[in-house]
J.: 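First the structure, then my questions, so here it is.
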There are 2 protein chains.
Amino acid sequence: MKLDGIEITQQLEQFRAACKKRGVKLTHQRLEIFREVAASLEHPDAETVFRGVQTRMPTVSLDTVYRTLWLLNDLGLITTLGPRRESVRFDANLRHHHHYVCMRCGLVGDFESPELNILRIPNGVMEFGSVVSTHVEVRGLCAKCAGEQAERLHPGSSAT
Amino acid sequence: MKLDGIEITQQLEQFRAACKKRGVKLTHQRLEIFREVAASLEHPDAETVFRGVQTRMPTVSLDTVYRTLWLLNDLGLITTLGPRRESVRFDANLRHHHHYVCMRCGLVGDFESPELNILRIPNGVMEFGSVVSTHVEVRGLCAKCAGEQAERLHPGSSAT
DNA sequence: CTGACTGCAAACCCTTTGCAGACCG
DNA sequence: CGGTCTGCAAAGGGTTTGCAGTCAG
């Protein structure tokens, strides 16, 4: 799990380094916003980060929080839960199944696997609460996107 | 995987039955919308369903599609991918980790497990594309929600 | 000093809601 | 025929963007 002070300090160093490397300015706001996300054990949304930062910086605006969070995401310092900005998707497959998700285009494919339905979960997880079901998400590059990427790297090397 | 005609016909029967049982009217629009989702191998969003239905029913409106999809969800005939309608959430934990998700309140907790990082994935999945990483999502009722539920069922049976 | 960054406000997208007419049962 | 459902249009919430002033380097 995350350790209070030490690890965050390390992350802050990474942040400084990444900024310098990419020629991004290290403003007071960005520092506070980064601290807020890095220190949070939850997975806060922009609004929550905003409120947290606001206590120490009453003048920040919500749009700066958004801009900074996506900046941190681009710098590879944080990630997002779920897709970047998308509409709700519906699923008519009611059997216990798992998902293949393409990291590039967002394609989602179903697959079933009795073994994956009954994974052994680490004991520590019980501290969160009861376990009802487990779902596996496999991330990768789908065939179509892999093809397009190959085509981009080696144009015409294979017939279409 | 899903078989074209037979299985969808079964699902349609379930739909009729569920409607009758719950006193919900079986309109032309609802039928078409349900067929569209049930037949789709993708996990379409409302807009996609809308366009699909529109080819056969040019008069449907997008709001009816929304209303019907949530109705189907309430009837237990379809589910959604990801949370119902929420803002993007950010995650400063860059290590390969997995998530515990409370089905009631949406709480998300991280946990790590070397074993779960390297699950054996069924061969069929390779047909979708390359596999880069696997993530496990454990669903359950978090301690807080379980407590509230117990409290609701047996008020005062335990000290707070 | 200069270009990048901020705050403001307005725009934007997806989704939901109120209402009058249409339709299922 | 009655109550539900539809389509319309407008509201709603989260997020993004254009602009002029501000600040880091």
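All values below come from the heavy atoms of this structure, side chains included, with hydrogens, waters and symmetry mates left out. Letters A, B, ... are given to chains in the order of the sequence lines, protein chains preceding strands, and every chain is numbered from 1. This is a predicted model, so every value here is computed, not measured.
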J.: Could you tell me the separation between the CZ atom of A/Arg22 and the C1' atom of D/dG25, rounded to a whole number of Å?
T.: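 From A/Arg22 CZ to D/dG25 C1': 18 Å.
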
J.: Quick one: on DNA chain D, does B/Ile33 or A/Val24 contact a more 5' nucleotide (nearest heavy atom)?
T.: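 The 5'-side residue here is B/Ile33.
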
J.: Rounding to a whole Å, what distance do you find between B/Leu62:CG and C/dC13:C1'?
T.: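 Answer to the nearest Å: 12 Å.
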
J.: Tell me: CD of B/Glu47 to P of C/dT15, nearest whole Å?
T.: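 Distance, rounded to whole Å: 8 Å.
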
J.: Any side-chain N or O of B/Trp70 less than 4.0 Å from the OP1 or OP2 oxygen of C/dT15?
T.: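 It does not, given that no N or O in the side chain of B/Trp70 lies less than 4.0 Å from OP1 or OP2 of C/dT15.
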
J.: Please tell me if A/Ser87 has a side-chain N or O lying less than 4.0 Å from either OP1 or OP2 of C/dC14.
T.: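 No, A/Ser87 has no side-chain N/O under 4.0 Å of OP1/OP2 on C/dC14.
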
J.: B/Arg67 has an atom CZ; how far is it from atom P of C/dG18, in whole Å?
T.: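 Interatomic distance, CZ of B/Arg67 to P of C/dG18: 11 Å.
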
J.: In this structure, how many angstroms lie between the P atom of D/dT16 and the CZ atom of A/Phe50, rounded?
T.: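 To the nearest whole Å, that distance equals 15 Å.
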
J.: Side chain of B/Tyr66, heavy atoms from C-beta onward: which of C/dT6, D/dG2, C/dT15 has the nearest atom to it?
T.: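 So the nucleotide nearest the side chain must be C/dT15.
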
J.: Hey, can you tell me if A/His43 and B/His99 have their rings parallel, tilted or perpendicular (30° and 60° cut-offs)?
T.: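 It falls in the perpendicular class, over 60°.
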
J.: Give a yes/no on whether any side-chain N or O of A/Arg30 is located under 4.0 angstrom from OP1 or OP2 of C/dT6.
T.: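 For C/dT6, OP1 or OP2 has a side-chain N or O of A/Arg30 closer than 4.0 Å.
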
J.: Closer to the 5' end of DNA chain C via nearest nucleotide, is it B/Ala46 or B/Leu26?
T.: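 In this pair, the answer is B/Ala46.
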
J.: Heavy-atom count check: over 12 atoms from other residues, nucleotides or ligands less than 6.0 Å from B/Ile118 CD1?
T.: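 No, not enclosed.
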
J.: Just the rounded figure in Å: distance from P of D/dA24 to CZ of A/Phe15.
T.: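 Taking atom P of D/dA24 as the reference, CZ of A/Phe15 is at 14 Å.
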
J.: Give a yes/no answer on whether the side chain of B/Gln29 brings an N or O atom under 4.0 Å of OP1 or OP2 in C/dA22.
T.: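 So the side-chain polar atoms of B/Gln29 never come under 4.0 Å of the phosphate oxygens OP1 or OP2 of C/dA22.
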
J.: For C/dC8, does OP1 or OP2 lie under 4.0 Å from any side-chain N or O of A/Ser61?
T.: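 No, A/Ser61 has no side-chain N/O under 4.0 Å of OP1/OP2 on C/dC8.
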
J.: With a sphere of 6.0 Å drawn around CZ of B/Arg30, does it hold more than 12 non-hydrogen atoms of other residues, nucleotides or ligands?
T.: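 Result for CZ/B/Arg30: enclosed.
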
J.: Could you give the distance from CD1 (A/Ile78) to CG (B/Asn93), rounded to the nearest 0.5 Å?
T.: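 A/Ile78 atom CD1 to B/Asn93 atom CG measures 12.0 Å (nearest 0.5 Å).
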
J.: Are the side chain of A/Thr68 and the backbone N or O of A/Phe34 linked by a donor-acceptor pair below 3.5 Å?
T.: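 Such a contact is absent between A/Thr68 side chain and A/Phe34 backbone.
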
J.: Whole Å only: how far is the NZ atom of A/Lys25 from the C1' atom of D/dT22?
T.: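 Atom-to-atom, A/Lys25 to D/dT22, this comes out as 10 Å.
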
J.: Determine the contact category for B/Asp63: base if any of its heavy atoms lies under 4.0 Å from a base atom, sugar-phosphate if only primed atoms, P, OP1 or OP2 are that close, otherwise nothing.
T.: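 Result for B/Asp63 = base.
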
J.: Starting at atom NZ of A/Lys20, determine the distance to atom P of D/dA24, rounded to an integer number of angstrom.
T.: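 After rounding, the reported distance stands at 15 Å.
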
J.: Does a side-chain N or O from B/Thr27 land closer than 4.0 Å to OP1 or OP2 of D/dT6, or not?
T.: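 Indeed, a polar side-chain atom of B/Thr27 lies that close.
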
J.: For B/Thr59 and D/dG7, is the shortest distance between a side-chain N/O and OP1 or OP2 below 4.0 Å?
T.: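 B/Thr59 to D/dG7 OP1/OP2: side-chain N or O found under 4.0 Å.
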
